[in-house]
Peer 1: 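To start, I am sharing the structure in question, which I have written as structure tokens.
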Amino acid sequence: RRNFYTSSSCGMCGKASLDAVQAIGCAVLEEDGLRLDGELIPLLPGRLREGQGVFDRTGGLHAAALFDPSGSCAALREDVGRHNAVDKVVGHALLEGELPASDRVMVVSGRASFELVQKAVAAGVPVLVAVGAPSSLAVDLATQIGRAHV
């Protein structure tokens with residue numbers, strides 16, 4: 001008989017503080033980096049949705065995408081899990097040699113969780129746009145990083 005321990009927690013369980021779970025070794029986000037037209041941001045969730053071909057057939061997948069400052073989609077991936085969709089799109093950027101993605105906007109189809117903010121920071125993505133509201137921990141992390149705009 002073999003026993004294995006697995007966890008499906010968010011990563012916060014057992015941590016004493018927000019500082020204890022922040023990503024280490026992340027790319028530094030430039031203070032005066034990416035500039036966006038403010039009118040572009042509300043358009044991005046619709047552009048994400050337009051690229052969700054599997055969602056059209058199933059109605060049950062999340063998506064994550066990287067957009068350039070003009071609003072063109074650089075990469076879009078779908079998955080049952082929000083986190084997996086982000087991992088796929090960041091993995092694509094890694095394989096293409098595009099990390100840190102300091103010239104990209106990440107758009108996600110669900111809510112903005114702490115972990116998704118953490119993944120965006122780890123990938124060097126300076127802007128995260130979410131269809132759903134952010135969790136309080138996501139806002140706290142973004143504020144600690146220094147550029148939260150909710």
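Only heavy atoms go into these numbers, but all of them, side chains included; no hydrogens, no water, no symmetry mates.
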Peer 1: For the residue pair T143 and I145, establish whether any side-chain heavy-atom pair is separated by less than 4.5 Å.
Peer 2: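 The answer is no; the side chains never approach within 4.5 Å.
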Peer 1: Show, in sequence, the C-alpha distance, side-chain angles and deciding distance for H62 and D79, and conclude whether the side-chain contact (heavy atoms from CB on, under 4.5 Å) test is met.
Peer 2: CA-CA 5 Å; H62 284 286; D79 198 280; 6.0 Å; no
Peer 1: Could you state the interatomic distance from CD (E98) to CG (L66), rounded to the nearest 0.5 Å?
Peer 2: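 So the CD of E98 and the CG of L66 are separated by 8.0 Å.
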Peer 1: Considering all heavy atoms of both residues, which atom of P100 and which atom of G124 are nearest to each other, and what is their separation?
Peer 2: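 Looking at all heavy atoms of both residues, the closest pair is CB-CA, 3.9 Å.
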Peer 1: Under 4.5 Å between side-chain heavy atoms, counting indirect links through other Ile/Leu/Val/Met/Phe/Trp/Tyr residues: same cluster for V129 and L76 or not?
Peer 2: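 Hydrophobic grouping puts V129 with L76.
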Peer 1: R77 side chain to V86 main-chain N or O, any donor-acceptor pair under 3.5 Å?
Peer 2: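 Here the side-chain-to-backbone pair does not exist.
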Peer 1: Mind listing the closest non-hydrogen atom pair of S102 and L34 along with its distance?
Peer 2: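 Looks like O-CB, 3.8 Å.
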Peer 1: Quick check: closest heavy atoms across L99 and A93, and the distance to 0.1 Å?
Peer 2: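 Heavy atoms only, the tightest pair is CD2-CB, 3.8 Å.
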Peer 1: Would you check, one step at a time, whether the test salt bridge (charged side-chain N to carboxylate O under 4.0 Å, His left out) holds for R82 with D87?
Peer 2: CA-CA 9 Å; R82 295 175 300 127; D87 291 345; over 6 Å; no
Peer 1: Determine the minimum heavy-atom distance between P42 and P45, stating which atoms define it.
Peer 2: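 Shortest heavy-atom separation between P42 and P45 comes out as O-CD, 3.5 Å.
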Peer 1: Can you find a pair of side-chain heavy atoms, one from P69 and one from V105, that are under 4.5 Å apart?
Peer 2: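 P69 vs V105: side chains apart.
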Peer 1: Check whether any side-chain heavy atom of D103 lies under 4.5 Å from a side-chain heavy atom of D68, and answer yes or no.
Peer 2: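 Answer no - side chains too far apart.
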Peer 1: Would you call S109 and L48 a side-chain contact if the rule is heavy atoms closer than 4.5 Å?
Peer 2: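 Answer yes - side chains close enough.
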Peer 1: Compare every heavy atom of R111 with every heavy atom of S135, then report the nearest pair and how far apart it is.
Peer 2: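 Taking S135 first and R111 second, the nearest heavy atoms are CB-NH1, 3.8 Å.
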Peer 1: Looking at every heavy atom in both A65 and F67, which two are closest together, and how far apart are they?
Peer 2: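 Taking every non-hydrogen atom into account, CB-CE1, 3.6 Å.
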Peer 1: Given side chains that start at C-beta, do those of L36 and V127 come closer than 4.5 Å, heavy atoms only?
Peer 2: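 When only atoms from C-beta onward are counted, V127 and L36 do touch, with a gap below 4.5 Å.
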Peer 1: How many angstroms lie between atom CE of M106 and atom CG of L44, to the nearest 0.5 angstrom?
Peer 2: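 Interatomic distance, M106 CE to L44 CG, rounded to 0.5 Å: 13.0 Å.
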Peer 1: Contact between H83 and S113 at the side-chain level, heavy atoms closer than 4.5 Å - yes or no?
Peer 2: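 Counting from C-beta outward, H83 and S113 do come under 4.5 Å.
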Peer 1: Does E78 reach the main-chain N or O of F55 with its side chain, forming a donor-acceptor pair under 3.5 Å?
Peer 2: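 Such a contact is found between E78 side chain and F55 backbone.
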Peer 1: Step by step, work out the side-chain contact (heavy atoms from CB on, under 4.5 Å) result for K119 and V90.
Peer 2: CA-CA 8 Å; K119 288 178 184 205; V90 170; 5.6 Å; no
Peer 1: V108 and V131: same hydrophobic cluster, using ILVMFWY side-chain contacts below 4.5 Å?
Peer 2: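 No; tracing contacts between hydrophobic side chains, which count when under 4.5 Å, never links both residues.
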Peer 1: Using a 4.5 Å cut-off on heavy atoms from C-beta on, say whether the side chain of R47 contacts that of L40.
Peer 2: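 A side-chain contact exists here, since the closest heavy-atom pair is under 4.5 Å.
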Peer 1: Heavy-atom distance under 4.5 Å between the side chains of L43 and E39, does that happen here?
Peer 2: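 A side-chain contact is absent here, since even the closest heavy-atom pair is not under 4.5 Å.
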Peer 1: Report the distance from atom CZ of R104 to atom CG of L128, rounding to the nearest 0.5 Å.
Peer 2: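 These two atoms lie 15.5 Å from each other.
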Peer 1: For residues F114 and V125: do they belong to one hydrophobic cluster (side chain heavy atoms under 4.5 Å, members Ile, Leu, Val, Met, Phe, Trp, Tyr)?
Peer 2: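 The answer is yes; both residues are in one hydrophobic cluster.
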Peer 1: Hey, what do you get for CG (L141) to OG (S136), rounding to the nearest 0.5 Å?
Peer 2: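 With rounding to 0.5 Å, CG (L141) is 11.5 Å from OG (S136).
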